[in-house]
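One structure is given below, encoded as structure tokens.
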Amino acid sequence: MENWNLTSDFILLGLLNHTGPHLFLFVMVLTTAFASLVGNALMLLLILLDPQIHRPMYFLLSQLSLMDMMLVSTIVPQMAAHYLTGRNSISPAGCGLQIFFFLTLGGGECFLLAAMSYDRYVAICHPLRYPVLMSWQICLRMILGSWFLGAADGLMQAAATLTFSYCSSHEIDHFFCEAPSLVRLACADTSLFESVMYICCVLMLLVPISLILISYSLILATVLQMRSNEARKKAFATCSSHLSVVGLFFGATIFTYMRPKSYRSANHDKIVSAIYTIFTPVLNPLIYSLRNSEVKGALRKCMGQCVALNSD
């Protein structure tokens, strides 16, 4: 096959076509993305503006909201522009930047979710030692570590992906640039890169999910020893909702990045990628934050202040 050089653009085939049902799905995607941006922006503002919730737990939540906002903004606006204009091309530089930002945010979120599970473990299992085990210094190190590890993975995969020689077919059967989709187009031997990517996935996915499961197992063991039935029910409801979102995010990501190449399908990858790029970001503020009594109190306080200002 004829080699294709990096002076040409890639063509993204997209997630949806222009039929009636797909137009409805497109509106649903935009609605979900808008709700995600509004919900996460609201969470970020509430945490920044209310001094009463300036604690490590909420600072971690604010970083999750920031990552989700940036993740949606990295993927959805371009997908919408391509769908509405019919111009599906993306430059190699734009493709590399999208891979970098997507993996920085997605990888960083994996480690951030692990840090949040540790925070909940300390708060529930060792409440008296919380100021020591989850100090602001430790919290900041966790956050900076999450961003750094995500950025390192993104930079490595973006740089490596764009060094391959690509064949004459430069159509990416996806709605955004994702490393596994580009690897399928490469004419060169990508076995080494795929092995390195698999190792990165073990570090970025399996290690955090293992830490999360260990943390919640210890939390559940502590909850079972509680004497109050109401406290047990509340803790079980909180843990189950948290784990459902974590399972959806990690399950979809592992399905995309750790499946053997022979079992990969472009259609499956597009649908599964939509889960962790579009739908889980809208669930995070609902599950982690807006069900929280302190956050709801901060929201009521903020709304009360806005009403008071308008009446004046």
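Only this structure's heavy atoms are used, side chains among them; waters, hydrogens and symmetry mates stay out. Not measured: the values here are computed from a predicted model.
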Closest contact, heavy atoms only, [X] versus [Y]:
X      : Y      : answer
Cys125 : Thr222 : SG-OG1, 3.0 Å
Asn40  : Met69  : CB-CG, 3.4 Å
Gly154 : Phe100 : C-CD1, 3.6 Å
Met134 : Leu60  : CE-CD1, 3.7 Å
Met204 : Gly150 : CE-CA, 4.0 Å
Ser89  : His82  : O-NE2, 3.5 Å

**Asked** Are the side chains of Phe10 and Asn88 in touch, meaning some heavy atoms are under 4.5 Å apart?
**Response** no

**Message:** Could you tell me if the side chain of Val72 sits less than 4.5 Å from the side chain of Ile278, heavy atoms only?
**Reply:** no

**Item:** Step-by-step side chain to side chain donor-acceptor pair (under 3.5 Å) determination, Gln157 to Thr161
**Value:** CA-CA 6 Å; Gln157 290 202 38; Thr161 302; 5.4 Å; no

**Request:** Starting from the C-alpha separation in whole Å, work towards a yes-or-no answer on ring pair (Phe, Tyr, Trp, His ring centres under 6.0 Å) for Phe193 and Phe164.
**Result:** CA-CA 10 Å; Phe193 172 74; Phe164 293 134; 5.4 Å; yes

**Request:** Check whether any side-chain N or O of Thr190 sits under 3.5 Å from a backbone N or O of Ala186 as a donor-acceptor pair, and report yes or no.
**Result:** no

**Prompt:** Can you tell me if Lys270 uses its side chain to pair, donor with acceptor, with the backbone of Gly14 under 3.5 Å?
**Reply:** yes

Please answer: with hydrophobic residues joined when any side-chain heavy atoms are less than 4.5 Å apart, are [X] and [Y] in the same cluster?
X      : Y      : value
Trp147 : Ile47  : yes
Val272 : Tyr198 : yes
Phe279 : Val246 : yes

**Worked verdict on Ile99 versus Leu182 for side-chain contact (heavy atoms from CB on, under 4.5 Å)** = CA-CA 10 Å; Ile99 292 173; Leu182 262 73; 4.2 Å; yes

From [X] atom [atom1] to [Y] atom [atom2], the distance as rounded to the nearest 0.5 Å:
X      : Y      : atom1 : atom2 : result
Ile143 : Gln63  : CD1   : CD    : 4.5 Å
Leu25  : Leu30  : CG    : CG    : 11.0 Å
Met116 : Leu112 : CE    : CG    : 6.0 Å
Cys95  : Ile90  : SG    : CD1   : 5.0 Å
Thr280 : Asp68  : OG1   : CG    : 6.5 Å
Leu12  : Ser181 : CG    : OG    : 9.0 Å

**Request:** Measure the acute angle between the ring planes of His126 and Tyr121, then classify it against the limits of 30° and 60° as parallel, tilted or perpendicular.
**Result:** perpendicular

**Message:** Students often mix this up, so state it plainly: with edges at 30° and 60°, are the rings of His242 and Tyr216 parallel, tilted or perpendicular?
**Reply:** perpendicular

**Request:** Begin with the C-alpha distance, continue with both residues' side-chain angles, and end with the deciding distance and a verdict on side-chain contact (heavy atoms from CB on, under 4.5 Å) for Ile172 and Cys177.
**Result:** CA-CA 8 Å; Ile172 304 173; Cys177 286; 4.1 Å; yes

**Message:** One pair to check against salt bridge (Lys or Arg N to Asp or Glu O under 4.0 Å): Arg184 and Asp269. What are the steps and the verdict?
**Reply:** CA-CA 12 Å; Arg184 294 194 196 102; Asp269 284 352; 2.3 Å; yes

**Prompt:** How about Tyr83: does its OH atom have over 12 heavy atoms from other parts shown lying under 6.0 Å from it?
**Reply:** yes

**Request:** List the steps and the verdict of side-chain contact (heavy atoms from CB on, under 4.5 Å) for Tyr276 and Phe250.
**Result:** CA-CA 8 Å; Tyr276 55 77; Phe250 277 94; over 6 Å; no

**Message:** Is it the case that the ring center of His174 lies less than 6.0 angstrom away from the ring center of Phe176?
**Reply:** yes

**Request:** Show the numbers, then the answer: is there a side-chain contact (heavy atoms from CB on, under 4.5 Å) between Phe26 and Leu84?
**Result:** CA-CA 10 Å; Phe26 175 70; Leu84 294 172; 3.9 Å; yes

**Prompt:** Between Leu15, Leu13, Thr19, which is the residue that forms a side chain to side chain contact (heavy atoms under 4.5 Å, CB included) with Asn17?
**Reply:** Thr19

